Each structure stands twice: as C-alpha cells, then as structure tokens.
Amino acid sequence: MQGSWGTKGLSRYAMDIKRLKALISEKKEQMAADMMEMSRIPAVNPRMGGAGEYARMQWIMRWFDKRQIPYEVYEVPDQHVKEGVRLNVVVTIPGARTKDQSLWFISHVDTVGPGDLDAWETDPFTPVEKDGRIYGLGCEDNSQSVITTMAACEVLFAEQIQIDRNIRFYYASDEETGSEFGMKALLLKGLFRPGDEAIVPDGGSPDGSFVEIAEKSQVWLKFTVNGKTAHAAMPHLGINACYIGMKFGVELEDSLKAKFDREDPMFHPPMSTFELTQKFANVESPNVMPGKDSFCMDMRVLPDIPVDEVMGHIYGLIGKYEKQYAGITIETEFLTRTDAPAPTPPQSRVAVNLVEAIKETGTEAYSGGIGGGTCGAVLRAKHIPAVIWATLDDMCHTPNEYVVIDNMVRDAGIYLSVLSRYEP
Ligand SMILES: [Zn+2]
C-alpha cells in the first residue's frame with residue numbers, strides 16, 4: 001500500500017478543496033445508494049437482541065475491495081455472536097511527514113434495536129428513500145458517518161492525497177453497549193497514540209453548527225430508605241420510609257443545586273444538573289405505611305467538579321437523616337457512573353480546523369459541551385483530543401429514524417476541508 005503513495009506526488013501539495021467538494025457532490029447518488037444497500041443488512045448489537053454487525057462489516061470490506069482500497073481488520077473474540085468474533089476495520093492513508101500521529105475518523109457500524117415496531121411507519125430493516133431522506137434503523141446513528149467517511153476516503157485515494165500525519169478511517173463494532181469489542185479493544189491494542197486526534201461523527205445539530213468537545217460527568221443514583229412497615233392508623237408502630245424519603249429527596253436536590261451552582265458557559269445548560277427522576281412502587285394499599293422508599297436521581301456534573309466531592313455531600317446528608325430518624329438506613333447504588341475526562345481544548349488543532357471548515361460553508365460554528373454519554377469520553381480520558389460532530393436532526397434511537405441525504409454531501413465535504421487545513 002505504502003508504495004502506491006507519492007508516485008503522483010503533486011496532488012498532496014495542491015489540495016484543491018473546491019475540486020474535492022465538487023467530487024463529493026458528484027457522489028450524492030452513490031452515497032444514497034450505498035446507504036440504502038447497507039441499511040438492508042441488520043446490525044443490531046448482540047446485547048440488544050440482534051446478531052451483531054458482522055455481516056454489515058463484510059459489506060464495508062467488499063466496498064473497499066471493489067475500489068482496491070486496503071484496510072486492516074481487527075478481530076475481537078466474543079462468544080455471544082455466531083462468528084465468535086467482532087470485526088473492526090481500519091483504513092489508513094499514511095502520513096507524508098510522520099506515521100506516528102494519526103487523525104482518526106471513527107464511525108460505529110452496530111445499531112440499537114428498533115424498539116416499538118408499531119411506532120415505525122416503515123419497516124426499520126427496509127430502508128425507504130423519501131423527500132431527500134432515507135428512513136431506516138441506524139441511518140443516522142451511525143450509518144451517516146459510515147457512508148460519508150467512506151466517500152471522503154474514496155476521494156482521497158482517487159486523488160492520492162496525503163496530509164502530514166496518518167488519516168485513519170475506523171469502522172467500529174459494539175459502540176451501542178460500551179465499545180468493549182470495538183474502540184476499547186483497539187485502545188488496549190495500542191492503536192491510538194499520544195498526539196492523535198479524532199473526529200467522531202456520532203452527534204450534532206440540524207444546522208451542523210455545534211461541535212461537541214466536552215461533557216459532564218453522568219451519574220444515576222438509586223436511593224433506598226429503609227424504615228418499618230405498619231398500619232397507617234397505627235404509625236407509632238413503624239417508621240414511615242415514604243415520609244422520610246420525600247423530605248430527604250427534596251433536601252438532597254435543593255442542597256446539591258445550592259452547593260454546586262457554578263456555571264460554565266461552554267455547556268448548555270451552563271450549570272451541573274441534579275434531578276429526582278424515577279420513583280419505585282412501594283405498598284399496594286393506601287392504608288399501609290411504607291417501610292421502604294426507593295427513588296433515583298440523575299446528575300450531570302461539570303467536569304471540573306469531582307464526582308467524589310458531590311458524593312461526599314450526599315453521604316453527609318444521609319448521615320444527618322440517619323441520625324435524626326433513629327432506626328432508618330439510607331442505601332445508595334450507582335446505576336451509572338461516568339466521570340467526565342478533561343474537555344478537548346477548544347484551541348486543539350482538530351477543534352479549530354473543524355470549526356473553520358464549518359464556518360467556510362456559511363454556518364456560524366461553535367464548540368461546547370453536553371450532558372454526557374458519548375464515546376468521545378473514552379478518547380479524552382486517554383488525552384486524545386476528540387470532537388463529536390455531524391449535521392443531523394438528532395433522530396438516533398427513535399422510531400422513523402432517517403438521514404438527510406444533503407447532510408451526507410455536506411459532512412463529507414467538510415471532512416475534506418478539515419484535512420486541507422493540515423500540512424501536506
Ligand atoms: Zn451512535
């Protein structure tokens with residue numbers, strides 16, 4: 001593969017972005033056709049009731065084979081799929097100056113399950129093109145990224161374009177249930193190096209203005225107040241866990257909001273959020289005083305506030321209640337805990353280049369943070385600047401998911417524009 005590069009030489013010094021964008025525009029029909037074809041191959045994550053993304057990954061490999069674009073396949077053993085392995089495909093365009101640094105484009109090939117089939121107006125596994133959109137399971141999340149990066153990759157190969165560092169297009173398995181057989185496995189193999197950067201087109205906004213560079217820590221806590229059940233007419237024989245739970249819950253939320261009220265304008269909303277959410281059924285009759293009260297809180301904590309500091313406050317409040325109401329205990333359980341890594345610096349090269357490439361299209365782009373839960377966090381935790389960006393209507397994980405065909409053309413063009421901002 002290496003040998004085929006630099007024979008033309010010239011093109012890498014003259015990356016004509018207008019020409020490249022024109023080449024991408026010409027691929028609009030092809031991208032739509034590829035989206036239709038690929039979306040017919042189910043790729044539901046095995047831990048969400050599907051057979052996995054193996055067959056779809058093979059379609060991707062055949063696509064590259066047809067164009068004589070070389071790639072590497074990383075197999076990760078998984079006993080839950082009939083093939084016994086999950087596939088990860090990486091196409092590399094070697095760097096002209098260094099092969100020790102890479103700019104990654106990461107797309108995931110697995111999808112979630114279709115959910116409530118009655119809520120779908122079309123069969124989620126039979127893509128339908130209508131009004132400039134393609135409807136089908138996974139079309140946006142994350143097939144949009146798969147198809148747009150493949151098109152960009154094809155143009156780069158056809159034009160023999162290199163930049164200073166490696167460009168790596170990674171088609172990942174298993175993103176929807178934690179990336180254990182995908183990105184995390186490749187991180188363990190040492191494929192990502194210090195100095196690498198990544199664009200992850202797995203989130204965005206309808207006008208494509210928002211570049212996600214940070215996220216809050218995400219914690220789901222379940223609280224259980226243990227008191228003593230009794231007849232409601234004889235309350236002195238028990239301890240009303242519901243009463244104590246309600247008081248505790250309200251003080252918990254109020255005190256967290258008051259104590260951790262700092263704002264960071266990078267985020268929307270700018271402050272940490274603490275919300276009481278799920279409440280669990282207790283007794284089955286209105287005359288029974290509950291001995292148990294269980295409820296949840298969703299917390300999104302700004303990245304520079306340690307989750308342990310928040311937990312310290314919570315444990316302190318629990319201590320106060322357990323002292324005040326003799327005989328009760330309050331248990332806590334983490335249903336989810338993801339501590340946010342340090343944000344990708346807004347001045348990092350990949351963030352700046354992407355924002356500039358978007359602005360070139362007339363869209364006022366900006367970078368900021370969200371409430372948490374993206375795979376960018378895995379990379380940021382390894383000190384790899386990662387940006388999450390695409391132009392999309394945010395239809396992921398919803399019935400009647402669709403991709404806007406024009407957005408595919410726009411995104412692929414912007415990727416090439418980003419690359420033109422790196423040294424040849
Ligand atoms: Zn996704």
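Atoms within a ligand are numbered from 1 in the order they appear, just like the ligands themselves. The model shown is predicted, which means the values in this text are computed figures rather than measured ones.
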Mutual orientation of the aromatic rings belonging to Y366 and F210 [parallel < 30°, tilted 30-60°, perpendicular > 60°]: tilted
S107 and N142 side chains, donor-acceptor separation under 3.5 Å: no
So, applying side chain to side chain donor-acceptor pair (under 3.5 Å) with Y422, which one of E197, Q162, R165 is it? E197
Tally every protein N/O/S atom whose distance to the Zn ion (ligand 1) is less than 2.8 Å; waters are neither shown nor counted. 4
If you take the centroid of each ring, where Trp contributes its six-membered ring, are F295 and F280 closer together than 6.0 Å? no
On the 0 to 90° scale, with breaks at 30° and 60°, tag the Y415-F105 ring pair as parallel, tilted or perpendicular. perpendicular
Kindly confirm or rule out a cation-pi arrangement of R337 over F334, judged by NZ or CZ under 6.0 Å from the six-membered ring centre and within 45° of its axis? yes
